[in-house]
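To keep things clear, I will list the structure first and then write my remarks on it.
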Amino acid sequence: MNRIIGCMTLLVALGVGGPASPARAQSSTQQDWAPHDREALERWQRLTPQEQNELRERYQRWKNLPPAEKEDLNRKMESWRKLPEDAKTTIRRNFERWRDLPADQRERLQERWQRWRDLPPERREDFRRRMEKFRELSSAEKQRLGEQARERLKKIPPEVKREVRERVREKIERLSPEDKTKIRDRLKDRPQKRQKDND
């Protein structure tokens with residue numbers, strides 16, 4: 001990521017627009033350049049031709065963006081630069097996991113994210129506070145809450161349970177065979193666990 005940012009900076013500084021630009025950059029006297037520019041040129045030279053072309057295309061898209069979008073992206077980039085390194089690492093890891101998800105799972109997560117964003121701010125804040133409190137609980141307290149939730153579930157009328165089961169069944173039917181297998185694998189041990197808990 002930093003490599004691309006540095007190269008983009010060099011492209012902007014040199015006004016790079018086409019394939020002849022690297023030659024133009026190399027022919028310029030590097031003694032006149034600031035250390036940052038020299039490092040950016042070296043990073044550019046280490047890129048493969050395919051990476052250089054991709055970077056040129058991104059730069060062209062950047063140049064054609066409306067000013068408001070450029071400003072928004074600049075703000076986001078500045079926020080990114082200010083993040084601590086461990087936060088950046090977490091974000092990168094999450095992005096890689098996201099990228100590796102099957103398309104249907106990404107779609108479901110995007111729908112959930114949109115529902116979350118559509119919530120009124122006070123509901124989101126309330127949910128965040130409750131999640132923070134839950135995270136701070138000990139394992140015993142979390143287990144006690146789980147037991148209370150199971151007791152409340154026992155009091156739900158049968159017709160409501162049937163309706164919920166039907167909705168879940170419909171959702172499961174829409175899943176891909178791979179996702180169904182994953183769910184089956186995850187649920188395999190649960191009846192045994194419940195049996196142990198009841199003994």
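In what follows, every heavy atom counts, from backbone to side chain, and hydrogens, waters and symmetry copies are set aside.
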Item to check | Atom pair CZ/CG of Arg144 and Leu137 - distance to nearest 0.5 Å | outcome: 8.0 Å

Checklist entry - Has Glu125 got more than 12 heavy atoms of other residues, nucleotides or ligands less than 6.0 Å from its CD? => result yes

Checklist entry - Is there a salt bridge (Lys or Arg N to Asp or Glu O under 4.0 Å) between Arg135 and Glu132 once you walk through the steps? => result CA-CA 5 Å; Arg135 284 188 193 112; Glu132 276 303 312; 2.8 Å; yes

Next on the checklist: Rounded to the nearest 0.5 Å, what separates atom CD in Glu111 from atom CZ in Arg115?
Outcome noted: 6.5 Å

Item to check | Rounded distance (nearest 0.5 Å) linking atom CD of Glu57 with atom CD of Gln60 | outcome: 9.5 Å

Checklist entry - Side-chain donor-acceptor pair under 3.5 Å between Gln50 and Thr48, yes or no? => result no

Next on the checklist: Is there a path of hydrophobic side-chain contacts, each under 4.5 Å between heavy atoms of I/L/V/M/F/W/Y residues, joining Leu109 to Leu175?
Outcome noted: no

Checklist outcome for this item: Contacts of Asp118 meeting side chain to side chain donor-acceptor pair (under 3.5 Å) (sequence neighbours excluded), chain-then-number -> Gln114

Next on the checklist: Nearest 0.5 Å, please: how far is CD in Glu78 from CG in Leu83?
Outcome noted: 10.5 Å

Item to check | Over 12 foreign heavy atoms within 6.0 Å of CD, Glu141 | outcome: yes

Checklist entry - If you round to the nearest 0.5 Å, how far is NZ of Lys82 from NZ of Lys88? => result 12.0 Å

Next on the checklist: For residues 149-166, which residue pairs pass the side chain to side chain donor-acceptor pair (under 3.5 Å) check, not counting sequence neighbours?
Outcome noted: Glu151-Lys154, Glu163-Arg167, Glu166-Arg169

Checklist entry - When you look at Trp80 and Ile91, which way does the side-chain contact (heavy atoms from CB on, under 4.5 Å) test go after all the steps? => result CA-CA 10 Å; Trp80 171 261; Ile91 291 169; 3.7 Å; yes

Checklist entry - For Arg106, which residues count as a side chain to side chain contact (heavy atoms under 4.5 Å, CB included) partner, sequence neighbours excluded? => result Trp98, Leu101, Ala103

Item to check | Residues which pass side chain to side chain donor-acceptor pair (under 3.5 Å) with Glu96, listed by chain and number, not counting sequence neighbours | outcome: none

Next on the checklist: Using 0.5 Å steps for rounding, measure from the CZ atom of Arg92 to the CD atom of Glu85.
Outcome noted: 5.5 Å

Checklist outcome for this item: With sequence neighbours left out, the residues meeting side chain to side chain donor-acceptor pair (under 3.5 Å) with Ser139 are none

Item to check | Lys133/Glu136 salt bridge by N-O under 4.0 Å criterion | outcome: no

Item to check | Contact summary for Arg124 and Arg117, nearest pair of heavy atoms | outcome: NH1-O, 2.8 Å

Checklist entry - Residues in ring pair (Phe, Tyr, Trp, His ring centres under 6.0 Å) with Phe134, at least two apart? => result none

Item to check | More than 12 heavy atoms from other groups under 6.0 Å of CZ on Arg99 | outcome: yes

Checklist outcome for this item: Residues Lys63 and Lys70: closest non-hydrogen pair is O-NZ, 3.4 Å

Item to check | same_hphob_cluster(Trp113, Phe95) at 4.5 Å side-chain heavy-atom cutoff | outcome: no

